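All values derive from a computational prediction rather than experimental measurement. Atoms considered below: every heavy atom in the structure, side chains included; atoms not considered: hydrogens, waters and symmetry mates. Note on naming: letters A, B, ... go to the chains in the order of the sequence lines (proteins, then strands), and numbering restarts at 1 for each one.
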Amino acid sequence: MELYETNQLKIYNSLSKSKEIFKPVVEGNVGMYVCGPTVYSNVHLGNVRTFMSFDLVFRYLKQLGYKVRYVRNITDAGHLENDADEGEDRIAKKARLEKIEPMEVVQRYTVDFHETLQKINNLPPSIEPTATGHIVEQIEIIKDILQKGMAYEINGSVYFDVLKYNETEHYGILSGRNIEDSIHNTRELDGQSEKKNPQDFALWKRAEEKHIMRWPSPWGEGFPGWHLECTAMSTKYLGEIFDIHGGGMDLKFPHHECEIAQSKVKNKVNPVNYWMHANMLILNGQKMAKSTGNYILPNEIFTGENNILSKAFSPSATRFFMMQAHYRSVLDFSNDALEAAEKGYIKLMEALNKLDNIEVGKVSSVNIGDWKQRCYEAMNDDFNSSVLIANLFEGVKYINLLIEKKETISAADFKEFQNTLNTFVFDVLGLKNDLEQNASEKLNGLVEMLIKMRKEARDNRDWALSDKIRDELAVLGIQLKDGKEGTTFSIN
RNA sequence: GGCGUUUUGGCCGAGUGGCUAGGCAGAGGUCUGCAAAACCUCGUACAGCGGUUCGAAUCCGCUAGACGCCUCCA
């Protein structure tokens, strides 16, 4: 029996604006798609937060026993800068600036993306498709939408006819807009565009002469519109209707709105059952963004090379900092907040390291079953990592009280306690125990220190003490070897 | 201007119509040769103004601030 059968998971659905009981299309299986990065620069911490939020979702779904297919794309083409820019591809633009091949830019930043997410201990998705690898699929969708009369071709570009779509469907269903408002409010902004209406979005863009990334199509050489790739790749790997679609809050409109429209026309169905949106990471009172320069890179945190932080912070402390907030809340990034989080993280890890010091007894005075239940309930309530962590600190308190023998625990309960802590701290939250990783270095330092103290004893001809140090270390499996150059040691 | 979100104690951050997370910082205490850690206790916060209610920080309205989207964006 899998855990999902006894745990009622609730997910906040952006589409209904309410928490709903999660029920997958196919029992025991979950299809999840998350909009990935555009690989034209290093991922900043704000990007990382979103991917970490969905990493938490992925991890918890797996913990509940679901078989999860997690698809996250790499946008390596087709990202329109803006309409006035004659559709110059964002990646091509950067490539020209740096005088290198577009795919070289893509490669460089894809590697950076993977390295960064690995450092912060995100699990890799099940499938990570690229936009350039799915040009054919995208062209097929465009043909289909054209054939159904919901798009039109002009000068080698194809646009989705939003107004026509809106006659029978609601364009704006996800973001809570209606097209009429939007017409009134964008009229002044747009100049002469080849689009029929400013609201229309590109499915295919004609490539100008200088444009490097281009593919042949029935409408001439060009490249696909940004919104299309997600529709193509999500439905290709997860089916026409799948369970979860995630992304940053800032993608809700127009990106996700457009995805819904494309799928509704092509497949005549609402593609996604649960829309999840992760909230923004705020720096200096505003969201982190590449375009405004208001951002910090993960590596700048890990090395401490930046003007914002007083010191370096480990990936784990950084991850803990983010996990302390709920994924749907705006989170403020600051030195004080990170410092506080780091201390909390260390407190948690220190407690886990002390688990072995607990002596089990016959009966338990702490209610491990209830506590475990509260941990699951926190996560079942729309992945509330914040409340989960509060419960974990309750567990820290238990550990300390048990060591001080102010509480007691049975062997069976202790095993469950230990398993549950490990499950939530390492498997679900995805934290790593940095303190443990440093342990071997510290052990070396410790033995060096004893060698020094033993030398002092020997210099004082305190043979009793020096022999005691050597013998007791030997019992621990640490052998001291006195040589001409001083004392060395080996650990068995 | 439109749409949406939000405003919690010194800081970060959960949450609920009445039993009022958690972390960090702070105060007092226990323990300790000293210290640290740990444990116990404490501050009694929910933008402002109205309303609904036996009762609201939690529901509704208004006001103010902040943020996000409306253009590429995690």
> Checking A:Ser410 side chain against A:Gly361 main chain: does a donor-acceptor pair fall under 3.5 Å?
Replying inline: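 No: the side chain of A:Ser410 does not pair with the backbone of A:Gly361.
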Which residues satisfy the salt bridge (Lys or Arg N to Asp or Glu O under 4.0 Å) test with [X], sequence neighbours excluded?
X	result
A:Lys19	A:Asp381
A:Lys452	none
A:Asp382	A:Arg328
A:Lys164	none

> Does A:Ser157 have any side-chain contact (heavy atoms from CB on, under 4.5 Å) partners at least two apart in sequence or in another chain, and if so, which?
Replying inline: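 A:Tyr159, A:Glu194, A:Lys205, A:Arg206.
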> Residues two or more places apart in sequence or in another chain: which of them pass side chain to side chain donor-acceptor pair (under 3.5 Å) with A:Arg319?
Replying inline: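 With sequence neighbours excluded, A:Arg319 shows a side chain to side chain donor-acceptor pair (under 3.5 Å) to A:Asp55, A:Asn122, given in chain and number order.
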> For A:Tyr171, which residues count as a side chain to side chain donor-acceptor pair (under 3.5 Å) partner, sequence neighbours excluded?
Replying inline: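 In terms of side chain to side chain donor-acceptor pair (under 3.5 Å), with neighbours along the sequence ignored, A:Tyr171 is linked to no residue.
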> Residues from residues 322-329 of chain A sitting under 4.0 Å of RNA chain B, heavy atoms only?
Replying inline: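 The stretch gives A:Gln324, A:Ala325, A:His326, A:Ser329 as the residues lying under 4.0 Å from the strand, ordered by number.
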>> Going by side chain to side chain donor-acceptor pair (under 3.5 Å), name the pairs with one or both residues in residues 287-302 of chain A, residues two or more places apart or in two chains.
In response: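 For residues 287-302 of chain A, and leaving out neighbouring residues, the side chain to side chain donor-acceptor pair (under 3.5 Å) pairs sorted by first residue read A:Lys119-A:Asn299, A:Asp250-A:Lys287.
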Reckon [X] has a side-chain N or O less than 4.0 Å from the OP1 or OP2 of [N]?
X	N	result
A:Thr38	B:C72	no
A:Asn384	B:G15	yes
A:Lys290	B:C72	no

Donor-acceptor contacts under 3.5 Å from residues 341-351 of chain A side chains, at least two apart:
unit_1   : atom_1 : unit_2   : atom_2 : d
A:Glu342 : OE1    : A:Lys311 : NZ     : 3.0
A:Glu342 : OE2    : A:Lys311 : NZ     : 2.9
A:Tyr345 : OH     : A:Lys432 : O      : 2.5
A:Tyr345 : OH     : A:Asp434 : N      : 3.0

Report the nucleotide, chosen from [options], that has the shortest atom-to-atom distance to any side-chain atom of [X].
X	options	answer
A:Lys17	B:G4, B:G13, B:G68	B:G4
A:Ser386	B:G15, B:A21, B:C69	B:A21
A:Asn47	B:A25, B:A74, B:C72	B:A74
A:Arg177	B:A74, B:C12, B:G2	B:G2
A:Asp336	B:C69, B:C12, B:C11	B:C11
A:Asp332	B:C12, B:C67, B:C70	B:C12
A:Ala390	B:G22, B:G68, B:C72	B:G22

Contact list (N/O, under 3.5 angstrom) for nucleotides 38-42 of chain B vs protein:
unit_1 : atom_1 : unit_2   : atom_2 : d
B:A38  : O3'    : A:Asn400 : ND2    : 2.9
B:A38  : O2'    : A:Glu404 : OE2    : 2.5
B:C39  : OP1    : A:Asn400 : ND2    : 3.1
B:C40  : OP1    : A:Lys397 : NZ     : 3.1

> What stems involve RNA chain B, if each pair must be Watson-Crick or G-U and both of its distances must be under 3.5 Å, with 3 or more such pairs in a row?
Replying inline: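 B:1-7 with B:64-70, B:10-12 with B:22-24, B:26-30 with B:38-42, B:47-51 with B:59-63 - these are the stems of 3 or more pairs that involve RNA chain B.
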>> Are A:Tyr40 and A:Tyr109 an aromatic pair, judged by ring center distance below 6.0 Å?
In response: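 Between A:Tyr109 and A:Tyr40, the centre distance exceeds or equals 6.0 Å.
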